[in-house]
Amino acid sequence: DTAVSQTPKYLVTQMGNDKSIKCEQNLGHDTMYWYKQDSKKFLKIMFSYNNKELIINETVPNRFSPKSPDKAHLNLHINSLELGDSAVYFCASSQVPRVGSADTQYFGPGTRLTVL
Amino acid sequence: QKEVEQDPGPLSVPEGAIVSLNCTYSNSAFQYFMWYRQYSRKGPELLMYTYSSGNKEDGRFTAQVDKSSKYISLFIRDSQPSDSATYLCAMSSFPHNQGGKLIFGQGTELSVKP
């Protein structure tokens, strides 16, 4: 069973369109994240949700809107897509770590978004 | 200047070589240090984790943290072609439930040739 899954895997669309990426985790984790990885492999956090509540909201254009219907799902909606939005978007999840234990994040396979 | 600096490579080594991967950082508040491995077209997966300073060994992998120099390393002994991947260092000041967030290096692309 896939621990963190994302759909779609590939997304090719025109500038100006609106698109959504879905993420689901079956690990029972309480926190989910969206990351963006650019063409130079630089991975940067965009948002995190803990039990459906927004915790981290980095400096991201407000064209990006995350939504968490329940703690197993975190979707990302992007309005008015721009060329610069082309990247790989990763969803991740984690559980509250025990003291001194790793704050391990489990990543999905990624969604490769290409804006033409 | 980025908070975490990592040479993107690519780094190519023969099978059996010892590989040394490194990151430097500027934020002295970082205390959780991780190495993630990312195979091509896949998501990153946690390889090693170290809290504060010191060494940690797991099989062929050894992670070292030198907080005084703000420098972390990952050593791979007896490297195998299956180790070919991008290795990303990551670090944070607090666990996520205390508001911490992972800051990643750019990743070093490693290729181990048979």
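Treat the numbers as computed from the prediction; the structure is a model and nothing was measured.
- Rounding to the nearest 0.5 angstrom, the gap separating the CD atom in B/E57 from the OG1 atom in B/T62 is 4.0 Å.
- Using a 4.5 Å cut-off between heavy atoms, B/Q106 touches chain A through backbone and side chain atoms alike.
- Neither the backbone nor the side chain of B/Q6 comes within contact range of chain A; no heavy atoms are under 4.5 Å apart.
- Looking at A/I45, the atoms closer than 4.5 Å to chain B (heavy atoms on both sides) all sit in the side chain, from C-beta outward.
- Counting only residues at least two apart or in different chains, ring-ring contact (aromatic ring centres under 6.0 Å, His included) contacts with residues 34-68 of chain A comprise A/Y35-A/F107, A/Y35-B/F104.
- Note that CD1 of A/I78 and CG of A/L11 are 7.5 Å apart. Values are rounded to the nearest 0.5 Å.
- At least one donor-acceptor pair closer than 3.5 Å links the side chain of A/S68 to the backbone N or O of A/H73.
- For the pair A/R63 and A/D85, the salt-bridge criterion is met [side-chain N within less than 4.0 Å of a carboxylate O].
- With a 4.5 angstrom heavy-atom cutoff, A/Q37 touches chain B only via side-chain atoms.
- Chain B forms the most heavy-atom pairs under 4.5 Å with one residue out of A/L43, A/D38, A/V88, and that residue is A/L43.
- Contact of B/P8 with chain A is not made at all, since no heavy-atom distance falls under 4.5 Å.
- For a residue to count as touching a neighbouring chain, one of its non-hydrogen atoms must lie under 4.5 Å from one of that chain's; by this rule A/Y10 touches chain B with the side chain only.
- When heavy atoms are compared at a cutoff of 4.5 Å, B/L88 approaches chain A solely by way of its side chain, counted from C-beta outward.
- Contacts of A/Y106 classified as ring pair (Phe, Tyr, Trp, His ring centres under 6.0 Å), with partners at least two apart in sequence or in another chain: A/H29.
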